[in-house]
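Here is the structure we will look at.
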Amino acid sequence: MSVVDRYAPSPTSDLHLGNLRTALAGWLLTRAARGSWVLRLEDLDRPRVKAAGEMAARQLADLKALGLTWDGVVVRQSERLDAYRDALSMLGDRTYECFCTRREIAEAASAPHGDGYRPYPGTCSQLTEAERQRRRRERPAAIRIRAEGVSFTILDRFAGEVSGIVDDFVLVRGDGTPAYNFAVVVDDLFQKVTRITRGADLLSSAPRQAWLATQFGGQPPVYSHVGLVTNRVGVRLAKRDGAVTLADLRAAGWEIGEVIAALTESLGLGRHETLEGALEAMPPLPVTFSAPALWTGERLIATASR
Ligand code: GLU
């Protein structure tokens, strides 16, 4: 089966070094396997992606400036609402309406997981039709999948086998927007994705998403969750940390080749000013980065803000 990996930014802000590093890792892993690297803009979260068109264009321009070329057309989630509707109907009566508020879930659920996620305790899964009708008048329902706490194991290139309990997670939010965990699965199947390279903050979502893929008859992808770039005090990099976007670094006098070299070095590949050089430095397949975990980015930021 040919390798297809994807990069799926949300056009909410400029890509920072952490995002660019993840994109580069995915690109290198894919190109080393002679695979296709496809792009998807996750622009469903309307309030957060205002002026999404402009931001998306800037994100694509940054990827291009680094030479991270992609294959085929860029998929935009906002143009795929029919696909989400069809996918939902395929699940038929395996879904149910949920009227719980965030507060009700917090009161009924067990303690949040390390990532702050609270597994849904199933409160609305057994409502009678009469109860549902009454509650529909109170608030719009979210739609959940009946997963009933199955355990699912995914394979990650860096973390190995990772198992997670799949709760009855949300597919469609109360406002009618497809939820992240649902849309990505529908899209990954649509884009024939076989590998996913993305930030390590999403590792805990992977068992849930991979399980859902199997419910549509799909094959779960192989994951590479790449360590997050952090600031000097070990907290995940953010815009406020200084010169962290490509535009910031260029304004500080950095050439593109220097940015690429800093990123390839952070991936344990040594310094390479071109992507071709980095690709040649990739170990033979199956490729693993020697330093997939955390890179502080300290030197880069310190130099950039000098
Ligand atoms: N859109 C998500 C983000 O920008 C990434 C989702 C994914 O790769 O599954 O953080």
Side-chain angles (χ1 to χ4, degrees), residues 3-27 29-30 36-53 55-60 62-63 68 70 74-80 83-84 87 115-117 152 154-159 162 164 166 169-171 173 177-213 216 218 220-230 236-239 244-246 292:
V3 166
V4 182
D5 199 338
R6 49 66 161 185
Y7 187 59
S10 305
T12 49
S13 62
D14 281 313
L15 299 174
H16 63 52
L17 285 169
N19 307 129
L20 294 172
R21 178 179 186 262
T22 302
L24 174 62
W27 189 93
L29 287 168
T30 307
S36 306
W37 197 62
V38 298
L39 233 58
R40 178 168 75 235
L41 292 167
E42 305 213 315
D43 57 354
L44 286 178
D45 198 350
R46 288 206 199 91
R48 291 185 61 225
V49 296
K50 50 181 162 24
M55 183 52 72
R58 275 169 37 188
Q59 293 184 329
L60 297 183
D62 282 356
L63 296 174
L68 300 174
W70 56 89
V74 176
V75 167
R76 288 170 196 266
Q77 289 191 324
S78 58
E79 294 173 359
R80 290 185 34 79
Y84 307 131
D115 60 359
Y117 184 78
F152 200 81
I154 59 113
L155 182 62
D156 183 275
R157 186 189 293 273
F158 303 130
V162 177
V166 183
F169 60 98
V170 171
L171 303 181
R173 300 189 328 210
T177 310
Y180 158 69
N181 279 310
F182 174 53
V184 279
V185 172
V186 175
D187 292 340
D188 286 336
L189 291 171
F190 171 69
Q191 293 185 280
K192 300 191 168 42
V193 165
T194 62
R195 293 188 186 174
I196 293 180
T197 305
R198 60 182 181 187
D201 52 327
L202 293 169
L203 178 60
S204 61
S205 302
R208 211 177 289 139
Q209 294 172 2
W211 173 82
L212 186 59
F216 289 114
V222 173
Y223 295 87
S224 300
H225 286 92
V226 180
L228 299 181
V229 174
T230 59
R236 180 180 174 173
L237 196 67
K239 276 209 84 166
V244 296
T245 66
L246 196 57

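Remember, it's 1-based here, ligands and their atoms both numbered in the order they're listed. Computation of the quantities below employed the complete heavy-atom set of this structure, encompassing side-chain atoms and omitting hydrogens, waters and symmetry-equivalent molecules.
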How close do Trp37 and Leu68 get, counting heavy atoms only, and between which atoms? CZ3-O, 3.6 Å
I need the minimum non-hydrogen distance between Glu42 and Pro11, along with the two atoms involved. O-CD, 3.3 Å
Start with the C-alpha gap between Val166 and Leu212, add the side-chain angles, then the distance that decides, and say whether side-chain contact (heavy atoms from CB on, under 4.5 Å) holds. CA-CA 9 Å; Val166 183; Leu212 186 59; over 6 Å; no
Counting each atom of ligand 1 from 1 as listed, which ones have a heavy atom of [X] under 4.0 Å away?
| X | value |
| --- | --- |
| Arg198 | 7 (C), 8 (O), 9 (O) |
| Glu42 | 1 (N), 2 (C), 5 (C), 6 (C) |
| Arg6 | 7 (C), 8 (O), 9 (O) |
| Ser10 | 1 (N), 2 (C), 3 (C), 4 (O) |

May I ask you to establish whether Arg40 and Phe190 are in a cation-pi arrangement, using a distance under 6.0 Å from NZ or CZ to the six-membered ring centre and at most 45° from the ring axis?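 Negative - Arg40 is either too far from the ring of Phe190 or too far off its axis.
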With a 4.0 Å cut-off on heavy atoms, is Tyr180 in contact with ligand 1?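 Yes, Tyr180 has a heavy atom closer than 4.0 Å to ligand 1.
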Angle class for the Phe169/Trp211 ring planes (parallel below 30°, perpendicular above 60°, tilted otherwise)?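 Perpendicular.
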Polar proximity ligand 1 side, Val184 side, N/O cut 3.5 Å exclusive: no
Short N/O distance, under 3.5 Å, between Gln209 and ligand 1?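 No - when backbone and side-chain N and O of Gln209 are compared with those of ligand 1, no distance drops under 3.5 Å.
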Of the side chain and backbone of Asn19, name the one, both, or neither that has a heavy atom under 4.0 Å from an atom of ligand 1.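 No part of Asn19 is near ligand 1 at this cut-off.
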Leu39, Leu20, Leu41 screened by side chain to side chain contact (heavy atoms under 4.5 Å, CB included) with Gln59, the one that passes: Leu41
Check the pair Asn181, Gln209 against side chain to side chain donor-acceptor pair (under 3.5 Å), reporting the backbone distance first and the verdict last. CA-CA 6 Å; Asn181 279 310; Gln209 294 172 2; 2.8 Å; yes
The protein heavy atom nearest to atom 5 (C) of ligand 1 is Ala8 O, 3.4 Å
